[in-house]
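Below is one structure; the comments refer to it alone.
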Amino acid sequence: MPELPKTYTPSEAEERWYQRWLDDKCFEADPARVSEKRPAYSIVIPPPNVTGILTLGHVLNNTIQDILCRRARMLGKEVLWLPGTDHAGIATQNVVEKTLKKQGVIKHRDDLGREKLVEKIWEWKEKHGGIIIQQLKKLGASCDWSRERFTFDDDYNRCVMQVFVDLYKKGHIYRGKRMVNWCPSSLTALSDEEVEMKQQNGFMYHFKVQVVEEPDTWLTIATTRPETIPGDTAVAVNPNDERYKHLIGKHIRRPLPLENQAAIPIVGDEHVDFEFGTGVLKVTPAHDKADFEIGQRHHLEIIDVLHPNAVLNDLAGADLAGLERFEGRKKAVELLKEMEALIKEEPHQNNVGYSERAGVPIEPRLSEQWFLKYPSVPASQDVVAKGEMKFYPDRWAKVYDHWMGGLQDWCISRQVWWGHRVPVWTKRYTASLREVLSEVSGVMVQDIHPQPSGSDSSDIAILIDGNSYPADSASLYEIEQKEDPLLDEQREIEVQIATTRLDVQSNFESLAGFTQDPDVLDTWFSSWLWPFATMGWPNKTDDLKAFYPTTDLVTGPDIIFFWVARMIMAGYEYMGEMPFKNVYFTGIIRDKQGRKMSKSLGNSPDPLELIASYSADALRFGIMRSAPLGQDIAFDEKNVELGRNFCTKLWNASRFRQMQGGSTETEISPELLSSDDKWILLRLNTAIAEVTTALEEYRFSDATATLYRFFWSEYCDWYVEASKAVLQGTDEKRKANTLAVIDFVLGNTLRLFHPFLPFITEELWHGMGFNEDLPENQGGKSIMFAPWPKPLDADELAYFGILPEDEKAANEKYEAVNLGRGLKSSFNITKKVRFVLKPSSELPAHEIEVLRILLNAEPLDVDAAYAAPKGTPSALTPLGTICLPLDGLIDVEAERARITKELDKANSELQKVCAKLADENFTAKVPQKVLDEHQQRKADWKEKKAKLEEMMSALG
RNA sequence: GCACGGAUAGCUCAGUGGUAGAGCGGCUCGUUUACACCGAGUUGGUCGGGGGUUCGAAUCCCUCUCCGUGUACCA
């Protein structure tokens, strides 16, 4: 057996093994190897931001994925863990823009222009991108790096474009002027999911306005946003509100801007709640979603008083123009005060939408954006509702279902430059439809290249004035030739061409002066295609055939709508199948005080520093141990320390084995098995079964708890110590047999641990020589391909002569040891000392030797007839009475006190159980089994009590 | 507002009707040839409050409080 160094150096071993795994292509999946006997197992990584760095959240998430993948390999599956990164449009552009500004390269992105800035971002990506990939390697992630993807790769870009055009053609994607969530900091629209509602402590301002037609009548309006008064184009009251309904149709004088105190109508609208505020609502259609809708119903004018960056513009009036919106609010209140219109301001709590990314309140803003009506909704909703796709924990299924039931169209356009540009070219004509058709079909004729075979016609779509037209010149020509006076009517006509084809794009640009839409797509519009776009879609690749649908998805619940739900819909729409079978939602990592990890709080430890001080294995084990299914994780560095300690224990226990010498033993002789051997083999069986079940049910913290208990508390604390009775003896045959048991247990243990602790288990697997004599692909090359342990089955247990009650026998011995050690400790004996055992039945010499070693007794006398001197401390054990003769050191009082305590306990327990058994209500109604248990308990306590009393009287 | 999670030892959590558990921490010992990143012993809880069902409740039912998450919102 090779020699292990005295101490383990994780940094060196982890580096070395990871490189070796890469060199040996251990992580690379091959669809050709997939067969009925070798099923596929696949996971796509939730792509981290390409410019991001590793956080504890990533550690948690990726450790889980790695555990699943490594176990799948050990189960003999062909495993694909597909990694990659996300271009993270807004975030990445922000980072680069900020940096360039800091460096003084630019003041504004317009200084560079679109192309140059995108170039700069690519440069940034090449330089800083992918740091997180290197960090994942440090963690031990067994991803197939040969398949690494980026959502902005050329291939991937083509997928995004194709999907866009296809959905456009199907009418799922449209452009529209709508109220959207506008981020005044990033200067882009956001989807509803990117807006976080936060409770605010603000003010409700009450101000009065005069009714134009009845100068004596004043109305009081309550608002939280007085700065938008210049944008008011009506006030609304509920038509059923007796107080105000007679005023509907009249006007009020809008107080701001001072230079334009216009008369605006009073309208009746059911939306107004008469209970709330004053029952009079100011209507600002440009700056509030509900107001916009009221405006639509009553055909109100729309006055936008804000610049895109939320600075008030000239329409807000001279007093407010140029002020930032919150400054504007203060100023507006002042103005109302000055004109004595302000009645009161009272503290008011309301919810305000914040841009998740920029952390500033969003501004409802009317703008032209691209929207997606979600496809494949019923199938996507059903698959989860019917349990064909499983969520862990399953309560997320309800959350998902609820969201799917109330889908709003997805705003997919973003006003930034780093991203997939909307593949739509537009031109606005003032012409007749015939002229327009003529130009369009003319350009189409220039498109002489036939479409590649296998691709459908979905790559060109034409929309004229909102109506879909056939995308070929012949059909267009036919329409153009129709006898229809409408075709000759001169008017405004907008033409949209959506296409993935470069030739068509350039023809429309150069021949007809079409321009491409400036917007890019929401990053999630690319990542929702991740499970198949990464595998070569739209081609029917071997990867897709073998690995789609993927098996498991591991992600955080915070992106259940952003990503998970959308991937399911894209999966059905483009693959006709669910993208994954199981979704595991991790918890959120919090600090010890329960706060979320955040940069500003500085409570987020750097995982790489943790790896440097404790090792990747330690970090993995620590975080898995503290991550119960469905609950947030309170992160405590102590857990990582514990992980490191555990690795050290594993190392030292292995060294202990190796110091016993000999080669790896494989033959266990049933007739030489001791009670301890049988016990540990049974405990190993239990551990294997528990860990296996826990992993099948995604209960990772339970799996680690079992591993910890088994290895530390059972194997090291009891079995190794007990085995010393043999190993320190002279019987070579028994020694070899004990070593065989140890090797069997350690070999299984290392394999059980491998998914959690990939590095140290690999190091020990080789260091202990367990890889020797194994086929290359069965653990010879790497423990990661060694078979996952199986419990001994009934036949094997029979062969070894192991019976279930063997576990009890050893447990009784260990209980006796505990009691003996307790005696020593309560009498403050710290040295080796003599024990005397009065056995209740005869014990084999070997058992006595084990007892002696575990008790650290010198000597251990066994004497059934032993008459202890008065005052000798003793304990009742399942093996008999253990006495601790203390020549000349007898402390009768101490012993009396100790026994009294135990007697009290026995008495009270006896009383409890007797009371129960005396209760007829109890005995009449309880099942026989429970009754028997109670009777047994009564007998046990009675016996214990009698013996304790005997001991007491022996004290004198 | 609605929905869902959670409240058990100082901390993190197991425990779904039958004698309240684990790990960590605390405390006391200990250089016994694998390990002080260790070993041995020991101390910690009217199971969030109240009510109910039951012979029996941490566990089932009702109710309240607090924490968290999602979701909908009224200016």
Side-chain angles (χ1 to χ4, degrees), chain A residues 4 6-8 197 204-205 221-225 228 235-236 271-284 288 290-291 294 348 350-351 393 395-396 398-400 402-403 406 557-558 560-561 587-588 590 592 594 596 614 618 625-626 628 630-636 638-639 641-660 701-702 704-705 708-709 712-713 716-717 720-721 724 728 817-818 821-826 828-832 853 856 858 909 912-913 916 919-927 929-931 933-934 937 940-941:
Chain A
L4 292 174
K6 179 147 186 182
T7 53
Y8 172 56
M197 299 305 275
M204 181 72 90
Y205 303 94
I221 300 176
T223 182
T224 54
R225 300 201 65 185
T228 63
V235 297
H271 170 78
V272 181
D273 176 353
F274 22 127
E275 307 279 317
F276 193 87
T278 60
V280 185
L281 170 68
K282 76 188 213 38
V283 182
T284 327
D288 184 278
D291 288 8
I294 296 174
H348 177 74
N350 64 340
N351 290 322
R395 71 186 140 91
W396 292 108
K398 268 189 208 165
V399 175
Y400 171 84
H402 181 248
W403 189 75
D558 47 334
I560 182 170
F561 310 136
I588 293 165
R590 296 171 181 281
K592 277 191 274 185
K596 275 192 192 178
Y614 297 106
R625 201 181 131 82
S626 50
Q631 269 172 224
D632 286 355
I633 293 100
F635 182 80
D636 186 342
K638 279 262 176 236
N639 280 312
E641 195 182 322
L642 180 138
R644 179 204 52 190
N645 296 353
F646 191 83
C647 291
T648 309
K649 189 76 174 175
L650 193 57
W651 185 262
N652 283 318
S654 301
R655 270 183 68 232
F656 170 79
R657 157 62 187 98
Q658 179 214 45
M659 287 164 77
Q660 307 310 313
S701 66
D702 290 344
T704 55
Y708 190 92
R709 182 207 67 217
W712 203 309
S713 310
C716 290
D717 287 351
V720 170
E721 294 308 316
K724 287 177 182 170
Q728 290 168 8
V817 171
N818 277 334
R821 286 170 178 173
L823 275 185
K824 245 178 108 171
S825 150
S826 48
N828 282 325
I829 314 295
T830 58
K831 301 274 180 206
K832 284 197 175 197
I853 286 179
N856 199 24
E858 197 59 68
E909 289 297 329
K912 263 198 262 177
V913 72
K916 269 192 167 177
D919 185 351
E920 269 182 43
N921 240 333
F922 177 77
T923 49
K925 291 183 181 170
V926 124
K929 195 183 139 218
V930 176
L931 200 60
E933 266 171 33
H934 278 75
R937 207 185 301 162
D940 289 348
W941 282 116

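Chain naming here is simple, since letters A, B, ... match the order of the sequence lines and numbering starts at 1 in each. Small disclaimer: the values here were computed from a predicted structure and weren't measured.
- When rounded to the nearest whole Å, the span between CZ of Arg395(A) and C1' of rC4(B) equals 7 Å.
- rG21(B) and rU46(B) have their P atoms separated by 14 Å, with the value rounded to a whole Å.
- Not a single side-chain hydrogen bond (donor to acceptor under 3.5 Å, both in side chains) links Arg644(A) to another residue, sequence neighbours left out.
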Practice problem: Convert the base pairs of RNA chain B into dot-bracket notation, remembering that pairs crossing earlier ones are written with [ ] and that bases paired across to another strand are shown as |; include only Watson-Crick or G-U pairs under 3.5 Å. | Solution: ((((((((.[[[[.)..(..]]]].(((((.......))))).....[[[[[..)....]]]]])))))))....
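- Across the protein-nucleic acid pair, His402(A) atom NE2 and rU69(B) atom P stand 18 Å apart, rounded to whole Å.
- With sequence neighbours excluded, the residues that form a side-chain contact (heavy atoms from CB on, under 4.5 Å) with Ser626(A) are Ile633(A), Asn639(A).
- Nucleic acid contact class of Phe561(A) (heavy atoms, under 4.0 Å, all strands): sugar-phosphate only.
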Between N or O atoms, less than 3.5 Å apart, protein on one side and nucleotides 26-32 of chain B on the other: list the pairs.
none

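- Atom CH2 in Trp403(A) sits about 11 Å away from atom P in rA72(B), given to the nearest Å.
- In this structure Arg821(A) satisfies the salt bridge (Lys or Arg N to Asp or Glu O under 4.0 Å) test with no other residue, sequence neighbours excluded.
- His271(A) pairs by the side-chain contact (heavy atoms from CB on, under 4.5 Å) definition with Asp269(A), Leu281(A), Ala290(A), Ile294(A), Arg297(A), not counting sequence neighbours.
- As judged by a 4.0 angstrom heavy-atom cut-off over every strand, Arg709(A) is placed among residues making no nucleic acid contact.
- The salt bridge (Lys or Arg N to Asp or Glu O under 4.0 Å) check on Lys724(A) picks up Glu721(A), with sequence neighbours excluded.
- Spacing between rC60(B) and rC47(B) at atom C1', rounded to whole Å, works out to 16 Å.
- The glycosidic torsion of rG25(B) lies more than 90° away from 0, which places this base in the anti conformation.
- The salt bridge (Lys or Arg N to Asp or Glu O under 4.0 Å) check on Asp288(A) picks up nothing, with sequence neighbours excluded.
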Practice problem: Produce a footprint string for nucleotides 34-40 of chain B: one letter per nucleotide, 5' end first; B if the base is under 4.0 Å from any protein heavy atom, S if only the sugar-phosphate is, - if neither. | Solution: BB-BSSS
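- Residues satisfying the salt bridge (Lys or Arg N to Asp or Glu O under 4.0 Å) criterion with Arg937(A), sequence neighbours excluded, are absent altogether.
- In this structure, NE2 of His271(A) is placed 9 Å from P of rA75(B), rounded to the nearest angstrom.
- Across all strands, Val272(A) comes closer than 4.0 Å to base atoms (heavy-atom distances).
- Residues satisfying the ring-ring contact (aromatic ring centres under 6.0 Å, His included) test with Phe635(A), not counting sequence neighbours, are none.
- Comparing Asp291(A) and Tyr708(A) by the nucleotide of RNA chain B that holds the closest heavy atom to each, the one mapping nearer the 5' end is Tyr708(A).
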Exercise. Produce a footprint string for nucleotides 10-22 of chain B: one letter per nucleotide, 5' end first; B if the base is under 4.0 Å from any protein heavy atom, S if only the sugar-phosphate is, - if neither.
Key: ---SS---BB---
